[in-house]
Amino acid sequence: FALCLLAGAPALLFGQHISAQKGLGIRGSFWRSENNLGRVQVGAGVNPEVKLNISGVGGSIYFFNKWSPRLFFETSFGAAGSFEVQATSAAGDDVDFSALVPLLFGLRYELLSPANTSSLRPYVSAGMGPYWLATGTSRLIGDSIFVQEQVDVSSEFKVGTFLGTGVNMH
């Protein structure tokens, strides 16, 4: 029995990869724009007034449909954002924020052949879709007795493209 178990173990660990025809997945993402430094900063750094800065982190949910052994069509909905908290006055902190919300349609091409037995599947992807971008500032104004929050927000829709690479785990 032990000999049969040892002989069958490699087949269990390195079985042939069979990818699903359709499915759902989740992804983490990183977004770097010209005014986004792509970092996480807590406390004093370059600017001692910055209490917290989280830039460019996000995620998405995607649906895929297999078109050929290595080519997939994907639809993805996600969000990435940034915010920075600054100590600016006795009334309170200023918060600057931005959010990017894309609805994307694209193709994913797996780089390894379906005969490869690896459970890590590197890919490249490309596509396009509408992006909603919102930026704003929230600040407390007034004196120590009467404080009022002021929120300024601007947003816009744009059509854009994407290129990506990654590794799926099966």
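Numbers for residues simply follow the sequence, beginning at 1.
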| query | Tell me, do Val159 and Met128 make a side-chain contact under 4.5 Å, heavy atoms counted? | reply | yes
| task | Over 60° means perpendicular and under 30° means parallel, so classify the ring planes of Phe105 and Phe73, tilted if in between. | result | parallel
| message | Using the rule that Ile, Leu, Val, Met, Phe, Trp and Tyr join whenever any side-chain heavy atoms are under 4.5 Å apart, tell me whether Val101 and Leu103 fall into a single cluster. | response | yes
| Nearest-0.5 Å distance, OG of residue Ser82 to CG of residue Leu100 | 9.5 Å
| request: Calculate, to the nearest 0.5 Å, the distance between atoms OH and OG1 belonging to Tyr123 and Thr165 respectively. | output: 7.0 Å
| field | Distance-minimising heavy-atom pair for Tyr131 and Thr161 | value | OH-O, 3.5 Å
| salt bridge (charged side-chain N to carboxylate O under 4.0 Å, His left out) between Glu110 and Arg70, intermediate numbers included | CA-CA 5 Å; Glu110 287 193 348; Arg70 294 165 75 177; over 6 Å; no
| Between atom OG of Ser68 and atom CG of Leu107, what is the distance when rounded to the nearest 0.5 Å? | 9.5 Å
| message | Set out, in order, the CA-CA distance, both residues' side-chain angles and the distance that settles salt bridge (charged side-chain N to carboxylate O under 4.0 Å, His left out) for Arg27 and Glu74, then state yes or no. | response | CA-CA 12 Å; Arg27 287 194 178 117; Glu74 290 189 346; 2.9 Å; yes
| hydrophobic_cluster_shared for Val153 and Trp132, side chain cutoff 4.5 Å | no
| task | Could you pull out the closest heavy-atom pair between Thr135 and Ser98, with the gap in Å? | result | CG2-CB, 3.7 Å
| Would Val167 and Leu111 show up in the same hydrophobic cluster when neighbours are defined by side-chain heavy atoms closer than 4.5 Å? | no
| request: Carefully, step by step, assess Ser125 and Phe72 under the rule side-chain contact (heavy atoms from CB on, under 4.5 Å). | output: CA-CA 9 Å; Ser125 61; Phe72 296 80; over 6 Å; no
| task | Please report the shortest heavy-atom distance between Phe162 and Gly106, naming the atom on each side. | result | CZ-CA, 4.3 Å
| message | side-chain contact (heavy atoms from CB on, under 4.5 Å) for Arg121 and Asn116? Distances and angles first, verdict last. | response | CA-CA 9 Å; Arg121 311 297 296 174; Asn116 188 298; 3.9 Å; yes
| Heavy-atom neighbours of Leu24 CG exceed 12 at 6.0 Å | yes
| said: So which atom in Ala126 and which in Leu163 form the shortest heavy-atom distance, rounded to 0.1 Å? | reply: CB-CD2, 3.6 Å
| query | Do Val124 and Tyr109 pass the side-chain contact (heavy atoms from CB on, under 4.5 Å) test, and can you show the C-alpha distance, the side-chain angles, and the key distance before you say yes or no? | reply | CA-CA 5 Å; Val124 294; Tyr109 182 77; 4.1 Å; yes
| Over 12 foreign heavy atoms within 6.0 Å of CZ, Phe77 | no
| Rounded to the nearest 0.5 Å, what separation is found between the CG atom of Asp96 and the OG atom of Ser138? | 9.5 Å
| request: Provide the closest heavy-atom pair for Asp94 versus Arg139 in the form atom of the first, atom of the second, distance. | output: OD1-CB, 2.9 Å
| said: Applying side-chain contact (heavy atoms from CB on, under 4.5 Å) to Ser118 and Leu112, what does each step give before you reach the verdict? | reply: CA-CA 9 Å; Ser118 174; Leu112 299 178; 4.2 Å; yes
| said: A side-chain contact here means heavy atoms from C-beta on lying under 4.5 Å apart; do Arg108 and Phe64 qualify? | reply: yes
| query | Between CG of Leu120 and CG of Asn168, what distance do you get to the nearest 0.5 Å? | reply | 9.5 Å
| Thr137 versus Asp152, side-chain donor and acceptor atoms under 3.5 Å | no
